[in-house]
Each structure stands twice: as structure tokens, then as C-alpha cells.
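In what follows, chains are A, B, ... by sequence order, proteins preceding strands, each numbered from 1. Note that the coordinates shown come from a computational prediction; the quantities given were computed from them, not determined experimentally.
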Amino acid sequence: MRAPSSPSEIAAGDVLLAAENISLSFGGVKALTGVSFDIRKGEIRAIIGPNGAGKTSMLNVINGFYQADHGTITFKGVRRGKMRPYEAAEFGIARTFQNVALFRGMSTLDNLMAGRTLKMRRSFFWHILRHGPALQEEVEHRRKVEEIIDFLEIPHIRRVPVGRLPYGLQKRVELGRALAMEPELLLLDEPMAGMNLEEKEDMCRYIIDVNNHFGTTIALIEHDMGVVMDLSDRVVVLDYGRKIADGAPNQVKQDQAVIDAYLGVAH
Amino acid sequence: MDLLYKIFLDPFVQMGSAPDLLLQTLWEGLVGGVLYALIALGFVLIFKASGVFNFAQGIMVVFAALTLVGLFALLTRVGVSNAHLAAFAALGLTVVVMLGLAIAVEKLVLRPLVNQPDIILFMATFGLTYVLIGLGELIFGGEPKVMITNELFLPRGAWDLEIFGGFVTFQHIDIAAAIIASLMVAGLAVFFSKTRIGRALRAVADSHKAALSVGISLEQIWVIVWFASGLVALVTGIMWAARSDVSFALQIIALRALPVLILGGFTSIPGAIVGGLIIGVGEKLGEFYWGPLLGGGIESWLAYFIALVFLLFRPQGLFGEKIIERV
Ligand SMILES: Nc1ncnc2c1ncn2[C@@H]1O[C@H](COP(=O)(O)OP(=O)(O)OP(=O)(O)O)[C@@H](O)[C@H]1O
Ligand SMILES: [Mg+2]
């Protein structure tokens, strides 16, 4: 196997992202302690653990919201100590949030179009000087966005300000906005939390479809064990900021440390 | 009884009996309101995108006007003999200066203070105010200057129209101010709703972290809003100074915009515009019809009074949605 010289050459099954020895603390609270794991191209990688285990913090480090105190992230063969959210997005990392973060005053369409920001590469002044080509560009991006809207079965809410939508649909729009970025790595933080059974099944289907049809690599935080077992290829388990298990779903399920962590057995 | 009559009936009787005077007062109120609206707009642009209450908005108006007049004088001195040419060259250069100011503010003030509490950023804009006052005095001197109205082809004179059996005066400069302000607001509205940058601006106003996650650069957005409100300040400065002159005293008009913000909300652009017009008209009506009753000095607090009375009936402001905290 040759080393990837250019980022796009990572084949399915190769390591897409590797977190090495990541530590992060807030004042006295150690959110993450020496966590290492990797995500392979094309897989669905679940991150699980009890409340406060550090799952969201891990995603925040990966997409640059938090700077790790120690450790590095290697993405597509490029190793970094620090990365800013803007850069993470440019490198092809998209995400959703545990507590939905949408542009509430904007329509579904505009939320997804905002996801295209980085794909619209023309400069500000070009945009002002030559409105014509800029409009042409809008049309192309609009087509892509409409595809995603159809895929997520939300054409009826295209023009609705998303702040008015029910929670389940908001989560779906948020997924749509992340997909509009055409990411290489998609980070989903509890995409099914607070949903009813039917909405959960829909969401599972979208996640599987995104993974299968677009080949998007997915890191998924989820509390529902059934969902995790069904969807994921590999699972990493965090507890009190440390990695306590890592492997195939049914292997992890039988791991004594994991069972103890979920039952709240004292360390 | 007499006092009640004077407060609640007599002014309306006067309005009805001399509609030409009423119309004149309304028009002057509207014109003043347009300028209030512009200043409030400058505040709102910055507050929406960055959550910063920009105390320096007033001084930016003065700074822009001073720069324009100063550059014009400089260009004339170095031999640009055509006054109109010099004026428009100075205008273009002032726009460049405002862009430079926006970039400098982002690099030197906002970026180092990112993630600090809002009150720190507010204090920083205090600092910015005094830096701009100092710079302005250092470069252009402290004495009042005359706005280059003619050179910019801004009209003078007035139309006296015969309406309701009397004469109502419409100053040409006031009409021009209203038209230019409307054009600018319309331009901004199109920019915000139709362009990629406009969408990014709205996105940042709604959620910083979501905006970051889709790769919008906050730094770029901040430069753009400060530049936009710098341009608004420039237009405000030209229009305001066209009727008085360019001096540092102008900066207190920023305080006049505060009631507009109370009324219209800190984040609503339509609120700033409608609020500005309401305050402008309300102020002139109050001054003219109720002023004599209460003695002088009414103009210094009337705007606040109007805003507060309004809030009694509509606590969420003009266009705000009712905020019900989820508990
Ligand atoms: N910005 C922050 N400031 C202070 N402490 C934080 C911050 N973010 C996370 N923490 C702390 O870090 C620890 C891990 O939090 P994190 O949100 O990553 O957990 P989680 O595994 O996502 O939990 P949950 O399942 O409840 O979402 C917690 O103790 C939390 O209080
Ligand atoms: Mg979490």
C-alpha cells in the first residue's frame, strides 16, 4: 500500500482520520484523556458512552471547535495539532449538533444553500462586479440542494423558516445542510435524540443511504444501542474521557468494562 | 381642566385648523426620521452579525464626513482643478478609507477579543471612539468645516407648494436625502436576501457555531458588516452635514438613535427604519404642538418618552416576536 501523496487518494477501508493521544480539559474537568482511535474511509463509526463521557468533546476537537491540549488529528494523511472550524469545513468535514444549531430565521432552502458556502468559490468583489455569473452559479448550487431536499423527502418545507418546524424535521434539515457540503467525513451528534420511532427509522434509512450511495464516511454518536448495533461497522466506547473499548458492535457489547460503565459500577 | 384641554384637545384642534402646518411638520419629522433610521441601521448591522453594541457609530459618521471634506481639500490643493472631479474622487477615496477602517477594527479590536464577554467588546468600542476623535483632530483639525454639497451635485433651494390654502416648503436636499437613503436601504435589502455573502451574514446572525461548521469565516463577515455600516455612516454624515456643518458635535446624533433601537429592536432592520421614522415624526409633532406647553428642552427627552410609551403597549418592540423563555 502506498502512502497517500494527495489527499483524495485514500481508498475505501484505509484510515481517513486518526486521533492520537487526544487530551482536553476545562479548568479542573478532564473531558478527554489520551484518547486514540481511527476512522476508516467508507465506514460508519459509532462513538458511545454514558452521559458526560466526552463524546461531543471528541467531535468538537475533530472539527476544530475545541483545541486539544495534547495530541494530534491526522486527516487524509495530513497531521495537525490545531485546526480551526473554517479549515475543517474546507477539508471536507461536516457535522450536526446535539442541540440542533440551525439558521432559524432562514428557510430550509437557504439553510441548505448556506451549506454550499465553500463550494461557491468566487470572490466577494467578483460577486459584486459581475452579478450575472454569480446568479448562474446560484442556479447550479440550487440544483444540488434540490437533490438533497428530494433525498430527505422534505420538499414541502422548502420555503418554511426552519425555526417554525417541529424538532424532528429540524434535525432532518440539519442533516441536509451537512450533506449540502458534500463532505468526506460526516459527524453526527445524536441525530435521533428526541425523535419518535417513525422519525428514528427514517433517520436510520437516510444515514445508511448516505453511507452506501455517496460513500460518505460517518462518525455517529448515539445512545440507542439498537441503532448502534444495526448501523455501525465499528464502535469506540468512552467513559470519563477515556477510551475503554474499541471494536465490532457485538464484540463491544459483551465487553465487561463497557457493561460496567453503563451500569455505573465504581472504578 | 384647562391643562387637560391644552394637552389632549388643543393640539389636535390646531392640527385640524392648519393642515398645511401639520403637513410641514410631518415632512420635517420624516426627513429627520430618515437620518435617525440610517444611524440605527448602522448599529443594527454590526449588532446582528457580531453581538457588539458599537458605541463608535456616531463618531464614524463624523469621521467619514471629515475624511471626505479633508480629502477634497487635499485634492484641490494638489491641483485637481475641477471641483466635481475632486469631490467624487474624494468620495471614492473615503469609501476606501472606510474599508481600511473596517479591516483595522477586525484585526486590531475584534479578533484579539473574540470569545470575551460582550461588555468587553462594548468597552473596546468606547476606546475606538476616542481613537477616532483623536485621529480626526490630528489629521483634519478640530474646527467645523463645510460639507461639499454643491461639488457632489446635491441640490439646493426649495419648492414651495401650495397645499391646503397655505405653503409647504420642501427643501431639495431633504428630498435628495430621502431618495438616497431609500436607495441605499433597498440596495442593502437586495444584497442581504439575494447574494451568497448576504446569506452568510444572516447565517452568522442566527448561529455562530452553525455558521462556523459550514465554513463561513466570521472574520470576513465582520469586515463586511463594519464596512457596510461605515458606508451607511458616510451617507448619514453627508446628509446631516449638508444642513449644518461637519464638526465633532455631530457625534451626539448617535444618542438620538438609541430610542430608535429601543423601539425597533437591536436586531431588526425594518425595525430600525420604521422606528427611525416614528421617532422623527413623533419628535417634530411633539416639539411643535406640545413643546410650548412644557417649555423648552423637550427635544432632549421626547424621543425616549415616545419609545417608552410604545413599549408599554408592545413590550417586544416593533417587529420583535414575543419571547417566551422555555423552562
Ligand atoms: N465548553 C465546556 N466548558 C466546560 N466544560 C465542558 C465543556 N464542554 C464539555 N465540558 C465537560 O466535559 C465533559 C464531557 O462533556 P461532553 O459534552 O463531551 O460529554 P458527552 O459524552 O457528549 O455527553 P452527553 O451524552 O451528555 O452528550 C463533561 O463533564 C462536560 O461538563
Ligand atoms: Mg454530547
**Message:** Counting neighbours of NE2 on A:His70 that are heavy atoms of other residues, nucleotides or ligands and sit closer than 6.0 Å, is the number greater than 12?
**Reply:** no
**Request:** For B:Ala210 and A:Ala101, work out which heavy atoms get closest and say how close.
**Result:** CB-O, 3.3 Å
**Request:** Write down the atom of A:Gly105, the atom of B:Asp206, and the distance for their closest heavy-atom approach.
**Result:** N-OD2, 2.7 Å
**Fill in**
Nearest heavy-atom contact between A:Arg177 and B:Ser213 is NH2-OG, 4.3 Å
**Complete:** The reported gap from OH in A:Tyr86 to CD1 in B:Ile216 (rounded to nearest 0.5 angstrom) is 11.0 Å
**Interface moiety of B:Ala203 toward chain A, non-hydrogen atoms closer than 4.5 Å** = both
**Message:** Could you report the tightest heavy-atom contact between B:Val214 and A:Phe103, atom names first, then the distance?
**Reply:** CG2-CZ, 4.4 Å
**Asked** Under a 4.5 Å heavy-atom cut-off, does chain B meet the side chain of A:Arg84, its backbone, both or neither?
**Response** side chain
**Complete:** Under 4.5 Å to a heavy atom of chain A? For B:Ala211 that would be both
**Asked** Considering only heavy atoms, which portion of A:Leu187 lies under 4.5 Å from any heavy atom of chain B: side chain, backbone, both, or neither?
**Response** neither
**Item:** Enclosure of A:Lys41 NZ (heavy-atom neighbours >12, cutoff 6.0 Å)
**Value:** yes
**Complete:** CZ (B:Arg199) and OG1 (A:Thr117) are apart, to the nearest 0.5 Å, by 7.0 Å
**Message:** Which one wins on heavy-atom pair count under 4.5 Å against chain B: A:Gly163, A:Pro85, A:Ala178?
**Reply:** A:Pro85
**Message:** Quick check: closest heavy atoms across A:Phe65 and B:Lys209, and the distance to 0.1 Å?
**Reply:** CZ-O, 3.2 Å
**Fill in**
If one checks every heavy atom of A:Met106 against chain B at 4.5 Å, the contacting part turns out to be both
